[in-house]
Protein chains: 2
Amino acid sequence: MATRWLTDEERVAWVRLAAVLELLPGVLDGQLRRDDGLSHFEYFVLAMLSEAPDRTLRMTALAARTNATLPRLSHVVKRLEDRGLVRRFPCPEDGRATNAQLTGEGWDAVVAAAPGHVENVRASVLDALDPEQVGQLAAITGAILGRLDPDGVVLSPQRDTGSGRPAEG
Amino acid sequence: MATRWLTDEERVAWVRLAAVLELLPGVLDGQLRRDDGLSHFEYFVLAMLSEAPDRTLRMTALAARTNATLPRLSHVVKRLEDRGLVRRFPCPEDGRATNAQLTGEGWDAVVAAAPGHVENVRASVLDALDPEQVGQLAAITGAILGRLDPDGVVLSPQRDTGSGRPAEG
DNA sequence: CCTTGTTTGTTGTCGTTTCAACCAAATAGA
DNA sequence: TCTATTTGGTTGAAACGACAACAAACAAGG
């Protein structure tokens with residue numbers, strides 16, 4: 001069938017979203033690298049662990065939450081382990097599985113990095129929007145995620161918000 | 001000063017946007033790789049050339065529009081040249097500069113890839129939104145770009161929308 | 001001109017990601 | 001029980017991007 005090209009309104013929205021998609025990761029990554037010596041992905045891995053029960057997660061679960069392939073995660077966790085931020089040990093219940101656990105040092109690293117990261121998110125995104133737009137953004141991205149991730153794999157299943165502080169998603 | 005942590009509304013919006021940021025590039029890239037043998041970045045380079053006057057752009061200008069470093073672009077264009085999709089020649093007006101020009105074959109590749117890509121953009125993003133939300137998304141991303149790219153470097157300066165078809169941003 | 005400095009690209013090296021092969025534990029079937 | 005398949009994860013080689021070093025052309029002063 002004939003291609004449904006984009007209307008002018010659609011094109012503007014898409015071009016801008018594509019530009020954000022292109023620029024924002026670099027901004028997030030750059031700040032964390034500069035200030036905390038962590039890539040955004042590394043930070044994200046640590047943050048996911050920080051909000052998990054016992055600060056521990058199986059590699060497969062961690063890969064799902066971070067949208068990483070298992071090989072990629074394996075390499076990254078190895079490096080984090082070498083730096084003392086994470087420790088790995090075989091899962092007691094399943095001999096095949098490996099658990100990754102945040103060390104005290106790793107926790108400290110997340111705690112140290114979180115404020116600057118949040119500050120950056122504010123400066124780059126949230127503070128550019130009025131409260132109404134924040135709500136609209138949540139609805140819009142929610143709808144898009146309905147297409148990209150119907151089962152909500154990446155949205156860490158329920159955060160208890162009662163615990164310490166870090167995490168953020 | 002004390003960190004201003006995110007409110008619940010802000011956190012939801014941000015977590016979802018972060019998830020979109022994480023998933024969408026992979027979806028766009030995957031479709032183009034599968035169906036057209038092009039990475040999303042390669043497609044984007046070709047698309048930018050396709051809407052330039054004479055389908056030609058200087059490397060520096062192309063790098064700005066694609067938000068790439070010059071070394072990266074140089075490598076990618078070399079590969080595209082090897083595949084016959086682009087040709088390079090020294091700029092007549094400035095001996096230092098190199099022009100990249102889309103070949104006929106390159107044009108054909110963009111024309112062939114564009115419909116599937118647009119279709120994917122619709123399926124993944126636009127069709128998930130009602131018309132009102134499309135407008136909101138344009139406003140929101142516009143505001144964010146005000147922070148990320150105040151000078152509008154990546155938004156290709158004026159598209160003539162009158163020409164052939166491809167391009168898209 | 002000759003020198004200094006800046007702009008424009010390319011090339012080489014290194015770290016990271018991806019992909020394919022692999023191993024080991026668990027599970028299912030005969 | 002013994003084999004076959006599936007699941008969970010690691011490892012090594014190839015591809016790609018980032019950063020630094022470099023070469024060549026322009027520009028500005030003396």
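Hydrogens, waters and symmetry mates are skipped; everything else that's a heavy atom, side chains included, is used. Since we're looking at a predicted model, the values are computed, not measured.
Salt bridge A:D82/A:K78: absent, no basic N to carboxylate O contact under 4.0 Å. A salt bridge links B:D94 with B:R58: at least one charged nitrogen is closer than 4.0 Å to a carboxylate oxygen. Salt bridge B:R83/B:E42: present, at least one basic N to carboxylate O contact under 4.0 Å.
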Which atoms of nucleotides 21-23 of chain D (N or O only) lie under 3.5 Å from a protein N or O atom, and what are those distances?
none

Discussion item. Under the criterion salt bridge (charged side-chain N to carboxylate O under 4.0 Å, His left out), I'd like the reasoning laid out for B:E119 against A:R4: C-alpha separation, chi angles, the key distance, then a yes or no.
Written reply: CA-CA 8 Å; B:E119 194 59 39; A:R4 284 194 301 146; 5.1 Å; no

Item to complete: Take B:L23 and A:L145, measure what side-chain contact (heavy atoms from CB on, under 4.5 Å) needs, and give me the verdict at the end.
Response: CA-CA 9 Å; B:L23 295 174; A:L145 284 177; 4.1 Å; yes

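At whole-Å resolution of the value, CG in A:D29 and C1' in D:dG17 are 12 Å apart. Distance, B:N67 CG to D:dG17 P: 13 Å, rounded to whole Å. Going from atom CG of A:L57 over to atom P of D:dG8 covers 14 Å, rounded to whole Å. As a whole-Å value, the separation of A:R58 CZ from D:dG8 C1' is 8 Å. Atom CZ of B:F41 is separated from atom P of C:dT17 by 18 Å (rounded to the nearest Å). In this structure, A:M59 places its CE atom 9 Å from C1' of D:dT10, rounding to the nearest Å. At whole-Å resolution of the value, CG in A:L70 and P in C:dC22 are 18 Å apart. Taking atom CD of residue B:E42 and atom C1' of nucleotide D:dA15, one finds them 12 Å apart after rounding to whole Å.
When the options A:L102, A:V110, A:L62 are evaluated for a side-chain contact (heavy atoms from CB on, under 4.5 Å) with A:M48, the one that passes is A:L62.
Between C:dA26, C:dT17, D:dT10, one nucleotide has an atom nearer to the side chain of A:S74 than all others, and that is D:dT10.
Residues from residues 78-93 of chain B lying near DNA chain D, meaning a heavy-atom separation below 4.0 Å, are B:R79 in numerical order.
Contact check, A:R72 against C:dT17: a side-chain N or O comes under 4.0 Å of OP1 or OP2. At D:dA18, one or more side-chain N or O atoms of B:T69 fall inside 4.0 Å of OP1 or OP2 (strictly under the cut-off).
Between A:S39 and B:A97, the residue anchored nearer the 5' end of DNA chain C, judged by the nucleotide with its closest heavy atom, is B:A97. Toward the 5' end of DNA chain C, the nearer of the two residues A:R96 and A:H75, judged by each one's closest nucleotide, is A:H75.
B:R16 pairs by the salt bridge (Lys or Arg N to Asp or Glu O under 4.0 Å) definition with nothing, not counting sequence neighbours.
Counting heavy atoms from C-beta outward, B:D108 and B:T103 have side chains that stay 4.5 Å or more apart.
The aromatic rings of B:H40 and B:Y43 sit parallel to each other, their planes meeting at less than 30°, with 60° as the upper class boundary.
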